[in-house]
Amino acid sequence: IRTLKKILPATLLKDAFLIYNKLKIRTVDKLLFSEFKTPKDQFILYSETQPFKDVEMGAGTMPNEVLNFMKSWRTWRETEFILEINEPCCIEPEFGWAIVKYNQLVYSSLAMSRTWFQPKPNLYKFWRRTNVIRAKRALSLRDTGEENYFHFYNDVLCKIFFLQQQNIEIRTVPLIISKKLWDKEYFQFYFKNSELLQSLQWIIQDRQYIECESSIFCKPLTHQIKLWNSIFAPVVNKKASDQHRRIFLTRKKSRLRFIENVDEIELILKKFGFEIIDTDDFTPEEQKKIFFDTEFLVGIHGAGLTNMIFRIGNCRLLEVFPPPDQGYLPYHYIMLAKMLGFQYSAIIGERGKALYSGGFYMSPMRIEEALLELVKDELS
């Protein structure tokens, strides 16, 4: 695997993994694993909704090509639930799957458990496990996107505040979290600023299997303003900024999803007064300060856009997407912007020249037109 990573493009390896995982789910995994059945009446709470259905798209302010892709999310359904399993259950370390008995997977243990990109656990390692932590009762915060900055807030931390809202006691139950997430700089930044997190009991899962007599799993609905306000209360400023910084959020080529002709695009952005930054170069505290002062934000789609939550006051966001054939157009940041009352628009790039590089081309003329629309009130 290491050799392949050195000689083959990352995007090609990702595509190959997805094809492999799809085939594995349809064949080998069907033989190895069965599903632990949890009827809806066994859930403490269970509901389904269409969270994107009523989001105002911004017709008239966004290109039709963006609107057409975004509209596809209108019918997307999401579940919200709280489930407690009152029989022995084991949380495996690699992905956070919960396993009952010999091979029964608890699909409610991971938010995106039924997707093509979610691998199944290693059953052989599970059967031969020796590195074990035992708990009478535990609450799992393990999740599919747990090491992604946006999903850390939206899918992991949200669980704590969601359970509080539902009057589930969390202070007396140990919380399971992956060591990789625990060690993240942004987790430690939040932890040091949160009296609540410091008051909780933690099981930091590295390579251990966590065997529980009783286990709690949950999933709140995405992008709930009450939850986000609760999460960010310890770390956001209380007063609005009087600064009007213009920030372009770029990405390194090693992170993929980058603009191939970025030098050309940055010249145009600088002409409009934009500073060029990459959040990888700043500490969480520094990022908080930057985005608190940012009124105009242009950014390539990525988790760094989550930092708009630190802005108190007006903010105008232009999200730059790669062409849809390089993935898809997620709803995360249009919903976050609308939730915060910010102005949102988007633009889609074109296929890049270098195959499997992860880069894409952005038309200088189109980005300039989009910037003129973004700052037009300042120009008049």
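Remember, it's a predicted structure, so these values are computed and weren't measured experimentally.
No hydrogens or angles considered: a donor-acceptor pair under 3.5 Å links the side chains of Y344 and E319.
Residues L157 and L197 meet the side-chain proximity criterion, which asks for heavy atoms closer than 4.5 Å. Annotation: side chain of E285 is in contact with side chain of F189 (closest heavy-atom distance under 4.5 Å). Contact of the P51 side chain with the Y331 side chain is not registered, since no non-hydrogen atoms from C-beta on lie closer than 4.5 Å. Residues F291 and L249 meet the side-chain proximity criterion, which asks for heavy atoms closer than 4.5 Å. Side-chain contact between K159 and P220: present, with at least one pair of heavy atoms (C-beta onward) separated by less than 4.5 Å. In this structure, E260 and F258 have side chains that are in contact, with non-hydrogen atoms separated by less than 4.5 Å. With a 4.5 Å cut-off on side-chain heavy atoms, I99 and Y209 do not count as touching. For the pair E211 and I133, the minimum side-chain heavy-atom distance is 4.5 Å or more.
Judged by distance alone, the side chain of Q201 and the main-chain N or O of L175 form no donor-acceptor pair under 3.5 Å. Listed for the Q205 side chain is a donor-acceptor partner under 3.5 Å among the backbone atoms of I91. A donor-acceptor pair under 3.5 Å is absent between the side-chain atoms of Q118 and the main chain of T115, judged by distance alone. No donor-acceptor distance shorter than 3.5 angstrom exists from the side chain of K22 to the backbone of F17, with no hydrogens or angles considered. Side chain of N307 to backbone of G304: a donor-acceptor contact under 3.5 angstrom is found. A donor-acceptor pair under 3.5 Å is formed between the side chain of R246 and the backbone N or O of F272. Here the side chain of E87 pairs no donor or acceptor atom with the backbone of S214 at under 3.5 angstrom. Of the possible donor and acceptor atoms, none in the side chain of D281 sits under 3.5 Å from a partner among the backbone N and O of I277. A donor-acceptor pair under 3.5 Å links the side-chain atoms of N261 to the main chain of M362, judged by distance alone. A side-chain donor-acceptor contact under 3.5 Å links N68 to the backbone of N64.
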Discussion item. Side chain to side chain donor-acceptor pair (under 3.5 Å) for Y107 and E35? Distances and angles first, verdict last.
Written reply: CA-CA 7 Å; Y107 278 79; E35 180 176 352; 5.4 Å; no

Item to complete: Before giving the answer on ring pair (Phe, Tyr, Trp, His ring centres under 6.0 Å), spell out for F296 and H244 the whole-Å C-alpha distance, their side-chain angles and the decisive distance to 0.1 Å.
Response: CA-CA 7 Å; F296 296 91; H244 309 280; 8.2 Å; no

Discussion item. For C90 and I210: C-alpha separation, side-chain torsions, deciding distance, then whether side-chain contact (heavy atoms from CB on, under 4.5 Å) applies.
Written reply: CA-CA 5 Å; C90 185; I210 315 296; over 6 Å; no

Item to complete: Decide side-chain contact (heavy atoms from CB on, under 4.5 Å) for L105 and K120; before the verdict, give the C-alpha distance in whole Å, the side-chain angles of both, and the deciding distance to 0.1 Å.
Response: CA-CA 9 Å; L105 296 182; K120 297 297 190 295; 3.4 Å; yes

Discussion item. Show, in sequence, the C-alpha distance, side-chain angles and deciding distance for I170 and I160, and conclude whether the side-chain contact (heavy atoms from CB on, under 4.5 Å) test is met.
Written reply: CA-CA 7 Å; I170 60 172; I160 296 173; 3.5 Å; yes

Practice prompt. For I176 and L141, run side-chain contact (heavy atoms from CB on, under 4.5 Å): C-alpha distance rounded to whole Å, both residues' side-chain angles, the deciding distance at 0.1 Å, then the answer.
Written response: CA-CA 6 Å; I176 301 171; L141 295 183; 6.0 Å; no

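Apart from L18 itself, the hydrophobic cluster it occupies contains I25, M112, W116, F117, where clustering links Ile, Leu, Val, Met, Phe, Trp and Tyr at side-chain heavy-atom distances under 4.5 Å.
Across all their heavy atoms, Q166 and L45 have their closest contact at OE1-CD1, 3.3 Å. Heavy-atom minimum distance, C315 versus T294: SG-O, 3.9 Å. When all heavy atoms of I265 and P364 are compared, the closest pair comes out as CD1-CA, 3.9 Å. Between R316 and L374 the shortest heavy-atom distance is NH1-O, 3.4 Å. Contact between P234 and S194 at its shortest, heavy atoms only, is CB-CA, 4.4 Å. Smallest separation of non-hydrogen atoms from I348 and P323: CG2-CA, 3.8 Å.
The number of heavy-atom neighbours closer than 6.0 Å to NZ of K226, taken from other residues, nucleotides and ligands shown, is 12 or below. Under a cut-off of 6.0 angstrom, the local environment of CZ in R77 is crowded, with over 12 non-hydrogen atoms contributed by other residues, nucleotides or ligands. More than 12 heavy atoms of other shown residues, nucleotides or ligands fall within 6.0 angstrom of atom CD in E169. Annotation for K289: atom NZ does not count as buried by contact number, only 12 or fewer foreign heavy atoms lying within 6.0 Å. The environment of N229 atom CG is dense: over 12 non-hydrogen atoms of other residues, nucleotides or ligands sit within 6.0 angstrom.
Salt bridge status for R251 with D278: absent, with no side-chain N to carboxylate O gap under 4.0 Å. With salt bridges taken as basic N to acidic carboxylate O contacts below 4.0 Å, one links E48 and K40. The pair E146-K184 does not count as a salt bridge, with every side-chain nitrogen at least 4.0 angstrom from each carboxylate oxygen. Ion pairing between D293 and R311 fails under the 4.0 Å rule for side-chain N and carboxylate O. Here E92 does not pair with K125 in a salt bridge; the nearest charged N to carboxylate O distance is not below 4.0 Å. Taking a cutoff of 4.0 Å between a charged side-chain nitrogen and a carboxylate oxygen, D206 and K180 do not qualify as a salt bridge. Taking the charged nitrogens against the carboxylate oxygens, K270 and E275 have no contact shorter than 4.0 Å, which rules out a salt bridge. Under 4.0 Å is where a charged nitrogen must lie from a carboxylate oxygen, and between E78 and K219 at least one such pair does.
If you take CD1 on I300 and CZ on R255, they are separated by 10.5 Å, rounding to the nearest 0.5 Å. To the nearest 0.5 angstrom, L318 atom CG is 6.5 Å from L371 atom CG. With rounding to the nearest 0.5 angstrom, the CE atom of M339 is 9.0 Å from the CG atom of L227. Note that NZ of K338 is 10.0 Å distant from CG of L317, once rounded to the nearest 0.5 Å.
Judged by a 6.0 Å distance limit and a 45° cone about the ring axis, R257 is not positioned over the six-membered ring of F360.
Ring centers of W76 and F52: at least 6.0 Å apart, outside the cut-off.
When F152, W202, Y190 are each tested for a ring pair (Phe, Tyr, Trp, His ring centres under 6.0 Å) with W182, only one passes: W202.
Criterion: ILVMFWY side-chain heavy atoms under 4.5 Å apart, direct or through other members. Under it, I309 and L196 are part of a common hydrophobic cluster. Hydrophobic clustering of Ile, Leu, Val, Met, Phe, Trp and Tyr side chains at less than 4.5 Å, counting indirect connections, keeps I85 apart from F162. Under the 4.5 Å side-chain heavy-atom criterion for grouping Ile, Leu, Val, Met, Phe, Trp and Tyr, L305 is connected to F282 within one hydrophobic cluster. Hydrophobic clustering of Ile, Leu, Val, Met, Phe, Trp and Tyr side chains at less than 4.5 Å, counting indirect connections, unites L297 with Y333. In the hydrophobic clustering of this structure, I82 does not group with F36; members are Ile, Leu, Val, Met, Phe, Trp, Tyr whose side-chain heavy atoms approach within less than 4.5 Å, directly or through other members.
Between F232 and F310, the ring planes are perpendicular. Angles over 60° get that label, and only those under 30° would be called parallel. Taking the six-membered ring where the residue is Trp, H223 and W228 present parallel rings, their angle staying beneath 30° rather than reaching 60°. Ring geometry for Y149 versus Y153: interplanar angle over 60°, hence perpendicular rather than tilted (30 to 60°).
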